[in-house]
Amino acid sequence: MKKFNYRFTKLTLIFIYIGIALCVVGMGINVLTIATSDIASEANPVYRIIQYVLMFLIPVVLLIILISLLTSSYYAIDGKTLKTSFGIIKSKYDINKIETVLLDRTTNKLSVYFNDKVFIVIVVKEDWYDEFIDALCNANRNIEFSINSKEKPDDDENKTK
């Protein structure tokens with residue numbers, strides 16, 4: 001199975017790392033709050049316990065989601081399926097249903113079109129485009145590969161009047 005990691009933008013990575021830091025800080029504040037509060041002196045401690053459980057649950061769930069985005073975001077091609085994974089969200093596509101792979105040089109996007117008029121955009125390093133296309137075409141020889149190249153502007157448009 002050939003695996004290609006998802007390429008995040010720098011801004012997205014910054015937000016993910018800030019989110020991880022905020023989750024850790026939030027859990028630390030929650031521990032401090034629990035350590036300094038006196039649950040036993042309350043008339044009905046059930047509500048306070050539920051509050052503390054939720055205060056821990058939310059940052060832990062967010063931390064799991066953010067870490068899974070970093071560690072488990074990829075595209076994988078095995079013999080019959082194209083697997084996409086974006087953190088905890090996973091999808092499978094039948095390679096035999098792929099009609100076209102299009103590399104658009106004007107936008108520098110790699111798109112995979114299926115026979116049911118659905119398409120996905122592949123977000124990997126530009127250096128891996130050739131390897132990804134080769135892996136797809138090796139899995140299914142009927143896939144058509146095309147490139148939309150950058151066009152030069154017409155000379156008429158460049159002339160000043």
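The hydrophobic cluster of Tyr47 has no other members, since no ILVMFWY side-chain heavy atom comes under 4.5 Å of it. Membership of the apolar cluster around Ile18 extends to Ile14, Leu22, as traced through chained side-chain contacts below 4.5 Å between ILVMFWY residues.
Of the inter-residue distances, the one linking Leu102 atom CG with Ser146 atom OG reads 4.5 Å to the nearest 0.5 angstrom. Atom NZ of Lys97 sits about 15.0 Å away from atom CG of Asn142, to the nearest 0.5 Å.
Every residue two or more places apart in sequence or in another chain that forms a side chain to side chain contact (heavy atoms under 4.5 Å, CB included) with Leu32 is listed here: Thr36. Partners of Arg48 under the salt bridge (Lys or Arg N to Asp or Glu O under 4.0 Å) rule, at least two apart in sequence or in another chain, are Glu42. In terms of the side chain to side chain contact (heavy atoms under 4.5 Å, CB included) criterion, Asp130 has no residue partners (sequence neighbours excluded). Looking at residues two or more places apart in sequence or on another chain, you find no salt bridge (Lys or Arg N to Asp or Glu O under 4.0 Å) involving Lys109. Partners of Tyr6 by ring-ring contact (aromatic ring centres under 6.0 Å, His included), not counting sequence neighbours, listed by chain and number: Phe8, Phe86. Every salt bridge (Lys or Arg N to Asp or Glu O under 4.0 Å) that Asp78 has, sequence neighbours left out, goes to Lys83. For Tyr129, there are no ring-ring contact (aromatic ring centres under 6.0 Å, His included) partners two or more places apart in sequence or in a different chain. Residues meeting the ring-ring contact (aromatic ring centres under 6.0 Å, His included) test with Phe145, sequence neighbours left out: none. Under the salt bridge (Lys or Arg N to Asp or Glu O under 4.0 Å) criterion, Lys2 pairs with Glu131, not counting sequence neighbours.
Annotation for Phe15: atom CZ does not count as buried by contact number, only 12 or fewer foreign heavy atoms lying within 6.0 Å. Counting non-hydrogen atoms of neighbouring residues, nucleotides and ligands closer than 6.0 angstrom, the CZ atom of Arg105 reaches no more than 12 such neighbours.
Under the 4.5 Å side-chain criterion, counting only non-hydrogen atoms from C-beta, Leu110 is in contact with Ile133. Counting heavy atoms from C-beta on, the side chains of Val101 and Tyr113 never come closer than 4.5 Å. Side-chain atoms of Asn5 and Trp128, non-hydrogen and from C-beta on, do get closer than 4.5 Å to each other. In this structure the side chain of Leu103 never reaches within 4.5 angstrom of the side chain of Asn148, judged on heavy atoms. Residues Val46 and Ile50 form a side-chain contact, since some pair of their non-hydrogen atoms from C-beta on lies under 4.5 Å apart. Between Thr84 and Ile120, the closest side-chain pair of non-hydrogen atoms falls below 4.5 Å. The shortest side-chain heavy-atom distance between Ile122 and Phe132 falls under the 4.5 Å cut-off.
Considering every non-hydrogen atom in both Leu136 and Ile98, the closest pair reads CD2-CD1, 3.7 Å. Of all the heavy atoms in Asn140 and Ile95, the pair that sits closest is ND2-O, 3.1 Å. For the pair Asp94 and Lys80, the tightest heavy-atom approach, listed with the atom from each and the gap, is OD1-O, 3.2 Å. The two residues Phe56 and Pro59 make their nearest non-hydrogen contact at O-CD, 3.4 Å.
In terms of modelled atom types and a separation under 3.5 Å, the side chain of Asn30 and the main chain of Met55 share a donor-acceptor contact.
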Under the side-chain contact (heavy atoms from CB on, under 4.5 Å) criterion, do Met27 and Val60 qualify, and how do the steps go? CA-CA 8 Å; Met27 286 188 292; Val60 167; 3.5 Å; yes
Pair Lys92-Leu82, side-chain contact (heavy atoms from CB on, under 4.5 Å): steps then yes or no: CA-CA 6 Å; Lys92 289 183 182 181; Leu82 167 62; over 6 Å; no
Checking Asp104 against Thr107 for the side-chain hydrogen bond (donor to acceptor under 3.5 Å, both in side chains) test, could you report, in this order, the C-alpha distance in whole Å, the side-chain angles of both residues, the deciding distance, and whether it holds? CA-CA 6 Å; Asp104 190 355; Thr107 60; 3.3 Å; yes
Only pairs under 3.5 Å count here: list side-chain donor-acceptor contacts from residues 61-75, not counting sequence neighbours, and write none if there are none.
residue	atom	partner	partner atom	Å
Ser68	OG	Ile64	O	3.3
Ser68	OG	Ile65	O	2.8
Thr71	OG1	Ile67	O	3.0
Ser72	OG	Ser85	OG	3.3
Ser72	OG	Lys90	NZ	3.1
Ser73	OG	Leu69	O	2.7
Ser73	OG	Gly87	N	3.2
Tyr75	OH	Val123	N	3.2

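Ile49 and Ile58 are assigned to two separate hydrophobic clusters, defined by single-linkage of ILVMFWY side chains at heavy-atom distances under 4.5 Å. Both Ile147 and Val112 are assigned to one and the same hydrophobic cluster, defined by single-linkage of ILVMFWY side chains at heavy-atom distances under 4.5 Å. Met1 and Tyr93 fall into different hydrophobic clusters, where Ile, Leu, Val, Met, Phe, Trp and Tyr side chains are chained together by heavy-atom contacts under 4.5 Å.
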